[in-house]
S.K.: 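One structure follows; several queries about it will come next.
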Amino acid sequence: MSENVVHLHKPTDPPAPDTAPTVLTVVPDAPPARPVPLWVRSGRTVKTAATHKTTRATVRAVARHSLYTFNGGRILARRAWDGRTGSRYERMIRAAEAAGNLEAAEEWEERLQRFRAARHHRRMDLLHSPVEAAKGVAVGAGMSVGVLVALGVVMALNTGHVGDVVTPLTATIDFIALLIRIVQVVWGPALTIGPFLALLALWSVGRKQQAAPNWALPANVRNGEGEPITPSIVVKALRDLGVPALARAIKEMGDAGASMLGPITIAGCGVEVDVTLPSGVSTNEVQNKRRKLAENLTRHEHEVFITIPQAARTVRLWVADSGALDEPIGPSPLVTEDAMTADYAKGKAPWGQDLRGDAASLSLYQRHLLITGLSNQGKTVALRSLALWLSLDKSVQFLMGDLKGVGDWAMFDGLATTLIQGPTDEHVIQVTEMVEGAVDEMNRRIQAPPGTVFPPLIVLVDEAQVAFMCPAKDEDKRPYGGSKANSRYFMAVRKIHNQGRAVNVLMWQGTQDPTNENLPKLVREGAHTRASLALGTESQARMALGDKAVDGGAAPNLLRPGLDRGTLVVASDGITIPAGQSSITVRTHYIDDDAAEAITDRAKALRDGVTTLHAIERGEERHPLADIAAVVGDAPRVRTKDVLARLATRNADAYGGWSFIDLKRVLDDAGAEPYKSDGVMVVARDRVARALANRDTDGSASADG
């Protein structure tokens with residue numbers, strides 16, 4: 001038992017009044033340190049050595065190179081066996097049968113029969129070869145001796161020495177003896193070095209095939225980052241996919257599992273291959289394993305796309321080069337080509353690039369459009385780039401409602417006939433009345449004489465979910481938002497979807513995070529071109545693109561929010577989609593605000609001038625001549641049919657039913673008669689302004705009188 005030590009702390013100076021009194025502290029003796037047993041220290045040393053990086057690297061290297069040699073021997077033995085037997089043909093027959101290709105199986109069986117017949121002939125020839133070889137050697141030796149003796153006789157006759165008769169024969173014997181001595185000298189070292197050379201050859205074969213477990217391979221090989229896609233890699237990835245029927249079928253095929261694969265072709269920044277699945281394996285079983293397949297191919301999930309081509313029991317794999325999809329694409333031709341113009345009827349908008357790296361262009365002719373996706377994924381930029389291209393066709397008219405109201409569409413001021421910007425209920429009311437005005441214009445066009453050609457009218461609403469979710473009601477208690485039969489915005493959009501394309505009145509909408517509440521089913525299914533950025537769930541993907549596109553492989557829900565900004569999955573007959581597919585993935589060009597303003601400035605220069613309304617006028621007394629002056633704007637002259645269209649857009653109730661006769665009557669009465677210019681009837685700005693000034697002067701004079 002250890003003793004306790006008493007320490008007495010006594011201050012040398014007198015304590016201050018507030019100083020603590022002397023303290024007695026009892027400190028027990030610390031127990032003596034016990035020595036660590038030798039076996040414990042040895043075990044720790046062994047554990048440290050065994051887990052050290054150098055030790056692990058050494059073990060991996062020894063295992064790797066040993067297995068390279070062993071498995072290299074297996075590979076060469078397998079190749080030799082395949083060359084000597086018909087096992088290769090039998091595997092191909094099993095592969096064709098597993099794939100359900102009976103014609104290929106019959107062809108391989110015929111090749112096997114020909115191989116066996118040729119092998120039988122070779123074996124029969126071997127039975128007679130010793131006798132034939134002996135005869136050949138005897139005949140050859142006799143002829144050689146005879147030739148040498150004849151040569152000696154010629155030499156003897158020439159020199160006159162009889163001994164020269166055997167000189168060629170003696171020289172030949174000496175040469176053979178020299179060769180024997182060389183072989184005797186080399187034979188010993190060859191026997192010693194030969195096995196090492198053989199092992200080196202086996203190691204080289206194994207190393208080339210990476211014939212070692214994954215844990216033993218070097219780090220750069222184990223990562224597989226950027227590893228090229230080969231048939232063997234694809235087959236192994238499919239075999240390890242976790243689909244039992246697929247794994248069994250590949251196992252039965254042996255190394256011939258690559259017979260499932262079509263040609264691996266370069267496709268843009270990746271490669272593409274069609275895989276014909278064995279009987280009993282469905283395409284959706286592979287589609288549902290996209291992440292695992294990507295990891296088996298040493299890629300990220302977003303770098304592998306699985307689509308369903310037209311061929312039965314086939315999936316098409318597109319595998320990107322590692323990291324290629326994170327690289328930006330080039331600028332839009334709208335920015336780089338200052339002389340570019342648009343053609344609504346025959347042209348296509350340059351939207352971006354597909355995964356192959358080819359230009360992706362979209363036809364907008366008589367197609368309603370819907371673009372959706374999560375917030376801040378590039379929806380407005382993608383929608384705006386289409387409008388920017390179409391603005392370069394001077395015949396196109398725009399009615400625009402931006403229910404975000406942060407200036408994303410401000411550059412269309414002076415280009416669009418109507419531009420409403422803002423997120424409030426009042427802005428929704430204005431946008432709803434704008435769309436209803438487009439419905440009236442559509443009805444006027446429908447009632448026009450057959451064969452009448454109308455300029456395109458694009459009714460564009462960005463952030464349309466704000467309109468569908470608006471709770472405001474009008475004086476008749478009709479809701480502006482919602483999806484019921486009395487919903488004003490919903491019904492106006494539905495009417496344009498039903499009949500608008502026939503008279504070139506088209507509805508474009510952009511919306512966020514689609515649900516049944518903020519994007520009703522009838523509205524989303526009325527769009528001819530449907531595109532989606534990154535979404536959260538498969539159910540949202542089905543809302544955005546439809547069941548057919550999603551069942552065919554479209555998966556905007558697998559795009560990465562933020563990282564795949566601007567990448568769209570498009571379902572439309574207006575864009576070139578590979579045969580057998582129902583959608584295409586497009587990486588859209590990014591056009592910033594400054595570039596967009598430059599493009600709209602070019603578009604404005606193509607036109608005579610447009611007066612943009614920022615609110616829908618309603619309820620006030622109409623002054624036709626003033627309205628005509630407003631829609632003519634700063635242009636020297638405007639075609640009468642364009643004036644009629646602008647008046648109908650300005651106020652459908654007042655001017656929706658106007659014809660050329662009504663317009664001519666008002667202008668004739670005011671002394672601003674329309675006239676022909678270049679063969680078309682136009683309205684002159686100066687005549688209308690002069691008539692309007694005279695009217696105002698007359699009104700003032702009357703008032704003064």
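Since this is a predicted model, take the numbers as computed values, not measurements. Quick note: residue numbers are just sequence positions, from 1.
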S.K.: Just so I know, are the side chains of T611 and R646 near enough to count as touching, which here means a heavy-atom distance under 4.5 Å?
M.R.: no

S.K.: Can you tell whether the side chains of D551 and R542 come within less than 4.0 Å, N to carboxylate O?
M.R.: yes

S.K.: Just so I know, are the side chains of T417 and L613 near enough to count as touching, which here means a heavy-atom distance under 4.5 Å?
M.R.: no

S.K.: Checking R530 side chain against R524 main chain: does a donor-acceptor pair fall under 3.5 Å?
M.R.: yes

S.K.: About how many Å separate CE of M340 and OG of S332, when rounded to the nearest 0.5 Å?
M.R.: 7.0 Å

S.K.: Looking only at heavy atoms, what is the nearest atom pair of V435 and A492, with distance?
M.R.: CG1-CB, 3.5 Å

S.K.: To the nearest 0.5 Å, what is the distance between CZ (R587) and CG (D354)?
M.R.: 10.5 Å

S.K.: In the structure I gave you, are the side-chain heavy atoms of L545 and S582 within less than 4.5 Å of one another anywhere?
M.R.: no

S.K.: Treating R685 as the side-chain partner and D634 as the backbone partner, does any N or O pair qualify as donor plus acceptor under 3.5 Å?
M.R.: yes

S.K.: For T600 and E597, work out which heavy atoms get closest and say how close.
M.R.: OG1-O, 2.9 Å

S.K.: Does the pair W389 and L364 meet the rule for a side-chain contact (heavy atoms from CB on, under 4.5 Å), with working shown?
M.R.: CA-CA 10 Å; W389 176 79; L364 303 173; 3.9 Å; yes

S.K.: Evaluate S385 against W351 for side-chain contact (heavy atoms from CB on, under 4.5 Å), listing each step before the verdict.
M.R.: CA-CA 7 Å; S385 65; W351 211 6; 3.4 Å; yes

S.K.: Compute both the distance and the angle, then confirm whether R501 meets the cation-pi test with Y365: under 6.0 Å from the six-membered ring centre, within 45 degrees of the axis.
M.R.: no

S.K.: Please report the closest heavy-atom contact between S572 and I577, naming both atoms and the distance.
M.R.: O-CD1, 3.4 Å

S.K.: Identify the heavy atoms of G401 and M434 that sit nearest to each other, and give their distance.
M.R.: N-CE, 3.9 Å

S.K.: Using every non-hydrogen atom in the two residues, find where P624 and Y655 come nearest and quote the distance to one decimal.
M.R.: CA-OH, 3.3 Å

S.K.: Has the side chain of D343 got a donor or acceptor atom that lies under 3.5 Å from a matching backbone atom of K346?
M.R.: yes

S.K.: Hey, does the side chain of W508 reach the backbone of M400 with a donor-acceptor pair shorter than 3.5 angstrom?
M.R.: no

S.K.: Side chain of R687, backbone of L667: donor and acceptor closer than 3.5 Å?
M.R.: no

S.K.: For F412 and W409, take the angle between the two ring planes, folded into 0 to 90°, and tell me which bin it lands in: parallel under 30, tilted 30 to 60, perpendicular over 60.
M.R.: tilted

S.K.: Just wondering, more than 12 heavy atoms not from K664 lying within 6.0 Å of its NZ?
M.R.: no

S.K.: Are F398 and L390 close enough that some pair of their side-chain heavy atoms sits under 4.5 Å apart?
M.R.: yes

S.K.: What distance do L415 atom CG and D601 atom CG have between them, rounded to the nearest 0.5 Å?
M.R.: 9.5 Å

S.K.: List the steps and the verdict of side chain to side chain donor-acceptor pair (under 3.5 Å) for Q366 and N504.
M.R.: CA-CA 6 Å; Q366 292 188 346; N504 284 332; 3.3 Å; yes

S.K.: Please examine the side chains of L533 and I371, heavy atoms only from C-beta on, and report whether any two atoms are closer than 4.5 Å.
M.R.: yes

S.K.: Within the distance-only criterion (no hydrogens, no angle test), does the side chain of T432 pair as donor or acceptor with the backbone N or O of Y489 below 3.5 angstrom?
M.R.: no

S.K.: May I have all residue pairs that pass side-chain hydrogen bond (donor to acceptor under 3.5 Å, both in side chains) and include part of residues 367-384, sequence neighbours excluded?
M.R.: S363-R367, R367-D573, K379-D462, K379-E463, T380-D462, R384-D593

S.K.: Nearest 0.5 Å, please: how far is CE in M469 from OG in S483?
M.R.: 10.0 Å

S.K.: Tell me, with the steps shown, if N557 and Q540 meet side-chain contact (heavy atoms from CB on, under 4.5 Å).
M.R.: CA-CA 8 Å; N557 53 300; Q540 288 182 319; over 6 Å; no

S.K.: Look at atom CG of D678 and say whether more than 12 heavy atoms of other residues, nucleotides or ligands are closer to it than 6.0 Å.
M.R.: no

S.K.: Would you name the heavy atoms of A416 and T612 that are closest together and state the gap between them?
M.R.: O-OG1, 2.6 Å

S.K.: Would you list the pairs meeting ring-ring contact (aromatic ring centres under 6.0 Å, His included) in which at least one residue belongs to residues 428-460, sequence neighbours left out?
M.R.: none

S.K.: Under 3.5 Å, is there a donor-acceptor pair between the side chain of H589 and the main chain of G330?
M.R.: yes

S.K.: Using a 3.5 Å distance criterion without hydrogens, assess whether the side chain of R637 forms a donor-acceptor pair with backbone atoms of V682.
M.R.: no

S.K.: Would the number of heavy atoms belonging to other residues, nucleotides or ligands and lying under 6.0 Å from NZ of K394 be above 12?
M.R.: no

S.K.: Taking the side chain from S583 and the backbone from A549, do they hold a donor-acceptor pair closer than 3.5 Å?
M.R.: no

S.K.: Out of curiosity, L606 CG to T341 OG1, how far, rounded to the nearest 0.5 Å?
M.R.: 8.0 Å

S.K.: Would you sort out whether E426 and T424 count as a side-chain contact (heavy atoms from CB on, under 4.5 Å), showing the intermediate values?
M.R.: CA-CA 5 Å; E426 177 59 30; T424 67; 3.8 Å; yes

S.K.: When you measure from the side chain of D393 to the backbone of Y344, do you find a donor-acceptor pair of N or O atoms at a distance under 3.5 Å?
M.R.: yes

S.K.: Counting only heavy atoms from other residues, nucleotides and ligands, does the tally under 6.0 Å from CZ of R602 exceed 12?
M.R.: yes

S.K.: Mind checking whether H427 and L403 have side chains closer than 4.5 Å, heavy atoms only?
M.R.: yes

S.K.: Looking at side-chain heavy atoms only, is the closest gap between L369 and L383 below 4.5 Å?
M.R.: yes

S.K.: Mind checking the CZ-CG spacing from F305 to L355? Nearest 0.5 Å is all I need.
M.R.: 5.0 Å

S.K.: May I ask you to test the Q465-L519 pair for a side-chain heavy-atom distance under 4.5 Å?
M.R.: no

